[in-house]
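Just so you know, residue 1 is the first one in the sequence shown, and it goes up from there. Below, all heavy atoms of this structure are taken into account, side chains as well, without hydrogens, waters or symmetry copies.
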Amino acid sequence: MDVTQLDQVKEIAMRTRRRDGSWSSRPIWVVVVDRRAYVRSYRGGEGDWYRRARADGSGEIQVGDEVVPVRLESVHDDALNQRVSEAYRDKYAADSPGPTESMVGGEALATTMRLTPA
């Protein structure tokens, strides 16, 4: 997983398994802080991909044609969450100010997950 590439792309596809074993894919935003990738659920705890990823701690990300299995770990560190929020603002606020503000507060803030290669 190339974090430099993740830092440059606007969206990735988060792929998680449904109960029936089929894959679900959703476009999501990704940011990089200290050479580690982080994602949040725009829909907060109600996001389907987030609930599935939180339940089993795994999924896949797709960037272009590349699909990478990942582990997802919840982040509960307030200082790190603040830095992730700043990264979201830096990367997305100019093009998408309203959605960016949704990603840095409220329910989305509590869904921060670190991506690591599986």
### Query
Can you find a heavy atom in the side chain of Tyr92 that is under 4.5 Å from one in the side chain of Val31?
yes
> Side-chain heavy atoms under 4.5 angstrom apart, residues restricted to Ile, Leu, Val, Met, Phe, Trp, Tyr: same cluster for Ile28 and Val30?
Replying inline: yes
Side chains of Met103 and Leu109, heavy atoms from C-beta outward: is any pair under 4.5 Å? no
Residues Met113 and Ser74: closest non-hydrogen pair is CE-OG, 4.1 Å
Value for NE2 (His76) from CG (Asn81), rounded to nearest 0.5 Å, stands at 9.0 Å
A side-chain contact here means heavy atoms from C-beta on lying under 4.5 Å apart; do Ser25 and Met14 qualify? no
Q.
Would you say Val75 ends up clustered with Tyr42 if hydrophobic residues are merged whenever their side chains have heavy atoms under 4.5 Å apart, either directly or through other cluster members?
A. yes
inquiry  = Tell me whether the count of non-hydrogen atoms from other residues, nucleotides or ligands lying under 6.0 Å of CG in Asp65 goes above 12.
reply    = no
By ring pair (Phe, Tyr, Trp, His ring centres under 6.0 Å), Trp49 pairs with (sequence neighbours left out) none
Query - Verify same cluster id: Val3, Val67 (apolar side-chain graph, 4.5 Å) - result: no
One should read off an interatomic distance between Glu66 CD and Asp2 CG, to the nearest 0.5 angstrom, of 8.0 Å
Q.
Are Val9 and Val70 linked, directly or through intermediate hydrophobic residues, by side-chain heavy-atom contacts shorter than 4.5 Å (ILVMFWY only)?
A. yes
When rounded to the nearest 0.5 Å, the distance separating CZ of Arg26 from CZ of Arg52 is 6.5 Å
Rounded to the nearest 0.5 Å, the OG atom of Ser41 sits from the CH2 atom of Trp29 at a distance of 12.5 Å
task: Taking only Lys NZ, Arg NE, NH1 and NH2, and the carboxylate oxygens of Asp or Glu, determine whether Arg18 and Asp48 approach each other closer than 4.0 Å.
output: no
Residue set satisfying side-chain hydrogen bond (donor to acceptor under 3.5 Å, both in side chains) with Arg15, at least two apart, ordered chain then number -> Glu60
- request: Compare all side-chain heavy atoms of Thr4 with those of Arg35 and state whether any distance is below 4.5 angstrom.
  value: yes
Those residues at least two apart in sequence (or on a different chain) that pass side-chain hydrogen bond (donor to acceptor under 3.5 Å, both in side chains) with Asp56 are Ser58
Could you tell me whether the side chain of Val68 reaches within less than 4.5 Å of the side chain of Val63, counting heavy atoms only?
no
Here the gap from Arg114 atom CZ to Asp77 atom CG, rounded to the nearest 0.5 Å, amounts to 8.5 Å
Side-chain H-bond candidate by donor/acceptor type, Arg17 with Ser22, under 3.5 Å = no
Decide whether Arg40 and Thr111 meet the rule of one side-chain donor and one side-chain acceptor closer than 3.5 Å.
-> no
Exercise. With a 4.0 Å cut-off, would you call Glu107 and Arg43 a salt bridge?
Worked result: no
Inset, instruction - Any chance you could lay out the side chain to side chain contact (heavy atoms under 4.5 Å, CB included) test for Val39 and Leu115, step after step, and finish with the verdict? - result: CA-CA 7 Å; Val39 295; Leu115 297 178; 3.9 Å; yes
With side chains defined as the heavy atoms from C-beta onward, is the minimum distance between Arg89 and Val104 less than 4.5 Å? yes
Rounded to the nearest 0.5 angstrom, the OH-OG1 distance for Tyr50 and Thr112 is 8.5 Å
inquiry  = As a quick check of understanding, evaluate side chain to side chain contact (heavy atoms under 4.5 Å, CB included) for Arg51 and Thr16, giving each step before the final call.
reply    = CA-CA 9 Å; Arg51 287 194 326 254; Thr16 54; over 6 Å; no
field: Side-chain ion pair, Lys10 and Asp95, N-O less than 4.0 Å
entry: yes
